[in-house]
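Report on the structure given below.
For reference, positions follow the sequence shown, starting with 1. When a ligand or atom number is given, it counts from 1 through the structure's own listing order.
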Amino acid sequence: MDQSKEQRILNSVSYNAVKGDPESVLDCIDKYCSQKEWAMNVGDEKGLILDNVVKEADPTTALELGTYCGYSAIRIARLLKPKAHLFSIEFNPEFVPIAKEIIEIAGLSDKVTILEGHAQDIIPQLKSKYDVDTLDFVFLDHWKERYAPDTILLEECGLLRKGSILLADNIIYPGAPEFLEYIRNHKRFECTNYPSHLEYMKVEDAMEKAVYLG
Ligand SMILES: O=C(NCCNC(=O)c1cc(-c2ccc(F)cc2)cc(O)c1O)c1cc(O)ncn1
Ligand SMILES: [Mg+2]
(Lines give C-alpha, C1' and ligand atoms only; values in the text may rest on other atoms or scores of the structure.)
(Ligands and ions follow the chains in the order given, each with its own letter.)
Protein backbone atom coordinates (compact mmCIF):
# COMPACT_ATOMS: atom_id res chain seq x y z
CA MET A 1 0.00 0.00 0.00
CA ASP A 2 1.58 3.35 -0.88
CA GLN A 3 2.68 5.68 1.90
CA SER A 4 0.61 8.52 3.35
CA LYS A 5 1.73 12.16 3.16
CA GLU A 6 2.35 12.02 6.92
CA GLN A 7 4.62 8.98 6.50
CA ARG A 8 6.53 10.85 3.78
CA ILE A 9 6.98 13.79 6.16
CA LEU A 10 8.34 11.38 8.80
CA ASN A 11 10.70 9.83 6.21
CA SER A 12 12.04 13.28 5.34
CA VAL A 13 12.57 14.18 9.01
CA SER A 14 14.17 10.82 9.75
CA TYR A 15 16.58 11.21 6.82
CA ASN A 16 17.37 14.96 7.01
CA ALA A 17 16.95 16.20 10.58
CA VAL A 18 19.68 16.19 13.24
CA LYS A 19 18.56 13.75 15.96
CA GLY A 20 17.89 15.52 19.25
CA ASP A 21 17.73 18.95 17.61
CA PRO A 22 14.15 20.34 17.66
CA GLU A 23 15.03 23.32 15.44
CA SER A 24 16.34 21.06 12.69
CA VAL A 25 13.17 18.93 12.85
CA LEU A 26 10.99 22.05 12.53
CA ASP A 27 13.11 23.37 9.64
CA CYS A 28 12.92 20.01 7.88
CA ILE A 29 9.11 19.85 8.13
CA ASP A 30 8.72 23.48 7.01
CA LYS A 31 11.05 22.88 4.06
CA TYR A 32 9.25 19.68 3.01
CA CYS A 33 5.77 21.19 3.37
CA SER A 34 6.56 24.41 1.55
CA GLN A 35 8.55 22.77 -1.28
CA LYS A 36 7.11 19.27 -1.70
CA GLU A 37 3.66 18.70 -0.12
CA TRP A 38 1.49 21.17 1.77
CA ALA A 39 0.41 19.93 5.22
CA MET A 40 -1.59 21.47 8.06
CA ASN A 41 1.29 22.20 10.47
CA VAL A 42 1.00 25.59 12.15
CA GLY A 43 4.14 26.49 10.16
CA ASP A 44 6.99 28.95 10.63
CA GLU A 45 5.08 32.27 10.42
CA LYS A 46 2.25 31.42 12.85
CA GLY A 47 4.81 29.30 14.73
CA LEU A 48 6.58 32.50 15.79
CA ILE A 49 3.32 33.80 17.29
CA LEU A 50 2.91 30.46 19.07
CA ASP A 51 6.49 30.71 20.40
CA ASN A 52 5.89 34.20 21.80
CA VAL A 53 2.64 33.25 23.53
CA VAL A 54 4.24 30.10 25.03
CA LYS A 55 7.14 32.25 26.33
CA GLU A 56 4.60 34.68 27.83
CA ALA A 57 2.68 31.81 29.47
CA ASP A 58 5.85 29.95 30.59
CA PRO A 59 3.55 26.98 31.37
CA THR A 60 4.19 24.19 33.87
CA THR A 61 1.27 22.22 32.37
CA ALA A 62 0.24 22.75 28.74
CA LEU A 63 -2.43 21.12 26.57
CA GLU A 64 -2.63 20.91 22.78
CA LEU A 65 -5.77 19.85 20.90
CA GLY A 66 -4.79 18.39 17.53
CA THR A 67 -1.31 16.82 17.43
CA TYR A 68 -1.22 15.94 13.71
CA CYS A 69 2.51 15.20 13.00
CA GLY A 70 3.79 16.78 16.21
CA TYR A 71 5.14 20.01 14.68
CA SER A 72 3.44 22.37 17.16
CA ALA A 73 4.06 19.95 20.03
CA ILE A 74 7.78 20.31 19.25
CA ARG A 75 7.46 24.11 19.01
CA ILE A 76 5.82 24.20 22.44
CA ALA A 77 7.88 21.49 24.19
CA ARG A 78 11.25 22.93 23.13
CA LEU A 79 10.38 26.09 25.14
CA LEU A 80 9.19 24.33 28.32
CA LYS A 81 11.17 24.68 31.57
CA PRO A 82 12.67 21.46 33.08
CA LYS A 83 9.72 19.99 34.98
CA ALA A 84 7.00 21.32 32.66
CA HIS A 85 4.90 18.96 30.52
CA LEU A 86 2.73 19.07 27.39
CA PHE A 87 -0.32 16.84 26.88
CA SER A 88 -1.39 16.61 23.24
CA ILE A 89 -4.71 15.07 22.17
CA GLU A 90 -5.05 13.50 18.72
CA PHE A 91 -8.07 11.58 17.51
CA ASN A 92 -6.75 10.24 14.19
CA PRO A 93 -5.02 6.87 14.86
CA GLU A 94 -2.88 7.19 11.72
CA PHE A 95 -1.27 10.43 12.96
CA VAL A 96 -0.41 9.26 16.52
CA PRO A 97 2.53 6.92 15.77
CA ILE A 98 3.98 9.38 13.24
CA ALA A 99 3.81 12.26 15.73
CA LYS A 100 5.41 10.07 18.43
CA GLU A 101 8.30 9.18 16.11
CA ILE A 102 8.88 12.80 15.00
CA ILE A 103 8.79 14.04 18.62
CA GLU A 104 11.28 11.26 19.51
CA ILE A 105 13.62 12.40 16.73
CA ALA A 106 13.42 15.93 18.18
CA GLY A 107 14.48 14.47 21.56
CA LEU A 108 11.36 15.74 23.31
CA SER A 109 9.53 12.48 24.17
CA ASP A 110 10.02 13.07 27.92
CA LYS A 111 8.19 16.41 27.75
CA VAL A 112 5.21 15.38 25.61
CA THR A 113 2.42 12.86 26.27
CA ILE A 114 0.21 12.13 23.27
CA LEU A 115 -3.30 11.03 24.24
CA GLU A 116 -5.25 9.26 21.51
CA GLY A 117 -8.95 9.98 21.34
CA HIS A 118 -11.51 12.74 21.06
CA ALA A 119 -10.82 15.86 23.12
CA GLN A 120 -14.33 15.82 24.61
CA ASP A 121 -13.66 12.31 25.98
CA ILE A 122 -10.14 12.96 27.28
CA ILE A 123 -10.48 16.46 28.78
CA PRO A 124 -12.76 15.20 31.62
CA GLN A 125 -10.07 12.61 32.53
CA LEU A 126 -7.10 14.99 32.75
CA LYS A 127 -7.41 15.62 36.49
CA SER A 128 -8.23 12.06 37.62
CA LYS A 129 -6.25 9.96 35.14
CA TYR A 130 -3.33 12.27 34.26
CA ASP A 131 -2.90 14.09 37.56
CA VAL A 132 -3.41 17.53 36.02
CA ASP A 133 -4.35 20.34 38.42
CA THR A 134 -4.99 23.32 36.11
CA LEU A 135 -3.72 24.20 32.64
CA ASP A 136 -1.41 27.20 32.18
CA PHE A 137 -1.54 27.12 28.37
CA VAL A 138 -3.89 25.52 25.79
CA PHE A 139 -3.25 25.45 22.00
CA LEU A 140 -6.43 24.79 19.99
CA ASP A 141 -5.69 23.34 16.55
CA HIS A 142 -8.12 20.46 16.11
CA TRP A 143 -11.54 20.41 14.48
CA LYS A 144 -12.58 24.08 14.21
CA GLU A 145 -16.20 23.49 15.25
CA ARG A 146 -14.89 21.83 18.43
CA TYR A 147 -12.96 24.89 19.64
CA ALA A 148 -15.95 26.46 21.43
CA PRO A 149 -17.51 23.33 23.00
CA ASP A 150 -14.10 22.07 24.16
CA THR A 151 -13.25 25.49 25.67
CA ILE A 152 -16.54 25.35 27.61
CA LEU A 153 -15.65 21.81 28.68
CA LEU A 154 -12.22 22.94 29.94
CA GLU A 155 -13.90 25.59 32.10
CA GLU A 156 -16.58 23.16 33.35
CA CYS A 157 -13.90 20.63 34.34
CA GLY A 158 -12.13 23.27 36.44
CA LEU A 159 -9.02 23.07 34.28
CA LEU A 160 -8.70 26.83 33.77
CA ARG A 161 -7.34 29.19 36.43
CA LYS A 162 -7.00 32.99 36.61
CA GLY A 163 -4.41 33.77 33.92
CA SER A 164 -4.67 30.54 31.89
CA ILE A 165 -3.79 31.40 28.29
CA LEU A 166 -5.61 29.87 25.30
CA LEU A 167 -4.28 30.26 21.75
CA ALA A 168 -6.38 29.19 18.75
CA ASP A 169 -5.10 28.53 15.22
CA ASN A 170 -7.06 29.06 11.95
CA ILE A 171 -9.37 31.84 13.11
CA ILE A 172 -9.76 33.00 9.48
CA TYR A 173 -8.93 29.91 7.40
CA PRO A 174 -10.54 27.35 7.65
CA GLY A 175 -12.17 29.63 10.26
CA ALA A 176 -13.72 29.15 13.69
CA PRO A 177 -16.66 31.61 13.71
CA GLU A 178 -18.60 30.04 16.57
CA PHE A 179 -15.47 30.05 18.76
CA LEU A 180 -14.72 33.70 17.92
CA GLU A 181 -18.31 34.69 18.72
CA TYR A 182 -18.22 32.74 21.99
CA ILE A 183 -14.81 33.82 23.28
CA ARG A 184 -15.10 37.52 22.37
CA ASN A 185 -18.51 37.87 24.02
CA HIS A 186 -17.62 35.88 27.13
CA LYS A 187 -16.77 38.42 29.85
CA ARG A 188 -14.27 36.11 31.59
CA PHE A 189 -11.90 36.04 28.59
CA GLU A 190 -9.57 38.86 27.49
CA CYS A 191 -8.96 38.39 23.73
CA THR A 192 -6.18 39.47 21.35
CA ASN A 193 -6.09 38.82 17.59
CA TYR A 194 -2.83 38.08 15.72
CA PRO A 195 -3.18 38.46 11.93
CA SER A 196 -0.96 36.11 9.93
CA HIS A 197 -1.16 33.74 6.96
CA LEU A 198 -2.18 30.14 6.38
CA GLU A 199 0.84 27.88 6.75
CA TYR A 200 3.08 27.86 3.62
CA MET A 201 0.51 29.97 1.67
CA LYS A 202 -0.25 33.63 0.91
CA VAL A 203 -3.81 33.14 2.19
CA GLU A 204 -4.90 35.31 5.14
CA ASP A 205 -5.24 33.59 8.50
CA ALA A 206 -5.06 34.64 12.15
CA MET A 207 -4.58 33.32 15.67
CA GLU A 208 -6.65 34.42 18.69
CA LYS A 209 -5.28 34.56 22.22
CA ALA A 210 -7.75 34.43 25.11
CA VAL A 211 -6.66 34.94 28.72
CA TYR A 212 -9.04 33.45 31.30
CA LEU A 213 -9.81 36.04 33.99
CA GLY A 214 -11.10 33.50 36.55
O1 LIG B 1 -7.57 16.99 13.93
C2 LIG B 1 -8.41 16.90 13.06
N3 LIG B 1 -8.36 17.57 11.93
C4 LIG B 1 -7.28 18.47 11.74
C5 LIG B 1 -7.65 19.78 12.43
N6 LIG B 1 -6.95 20.85 11.72
C7 LIG B 1 -7.44 21.28 10.57
O8 LIG B 1 -8.47 20.80 10.11
C9 LIG B 1 -6.68 22.30 9.79
C10 LIG B 1 -6.98 22.47 8.43
C11 LIG B 1 -6.27 23.40 7.67
C12 LIG B 1 -6.58 23.55 6.24
C13 LIG B 1 -6.36 24.76 5.59
C14 LIG B 1 -6.62 24.89 4.24
C15 LIG B 1 -7.12 23.83 3.53
F16 LIG B 1 -7.37 23.97 2.20
C17 LIG B 1 -7.36 22.62 4.16
C18 LIG B 1 -7.09 22.47 5.51
C19 LIG B 1 -5.26 24.18 8.26
C20 LIG B 1 -4.98 24.01 9.61
O21 LIG B 1 -3.99 24.76 10.20
C22 LIG B 1 -5.68 23.09 10.39
O23 LIG B 1 -5.35 22.99 11.72
C24 LIG B 1 -9.56 16.02 13.26
C25 LIG B 1 -10.05 15.26 12.24
C26 LIG B 1 -11.13 14.46 12.52
O27 LIG B 1 -11.67 13.67 11.60
N28 LIG B 1 -11.67 14.49 13.77
C29 LIG B 1 -11.13 15.28 14.72
N30 LIG B 1 -10.08 16.04 14.51
MG1 LIG C 1 -4.11 24.66 12.31
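The atom of D169 that is an N, O or S and sits closest to the Mg ion (ligand 2) is OD2.
Distances from atom 29 (C) of ligand 1 to the heavy atoms of F91, W38, Y200 put F91 nearest. Nearest to atom 20 (C) of ligand 1 by heavy-atom distance, out of N170, D205, V203, V42, is N170.
Distances shorter than 4.0 angstrom do not occur between any heavy atom of G66 and any atom of ligand 1. Residue contacts with ligand 1 leave out N92, since none of its heavy atoms falls under 4.0 Å from the ligand.
Between F139 and F137, the ring-plane angle classifies as parallel under the 30° and 60° cut-offs.
Angle OD1(D141) to the Mg ion (ligand 2) to OD1(N170), rounded to 10°: 90°.
For ligand 1, the polar-atom distance check against E199 finds a nitrogen or oxygen pair separated by under 3.5 Å. Geometrically, ligand 1 and N41 share no nitrogen or oxygen pair separated by less than 3.5 Å. For K144, a nitrogen or oxygen atom sits less than 3.5 Å from a nitrogen or oxygen atom of ligand 1, counting backbone and side chain alike. Not one N or O of K46 is nearer than 3.5 Å to an N or O of ligand 1, by distance alone.
Ring centroids of Y147 and H142 are separated by less than 6.0 Å, placing the two rings close together.
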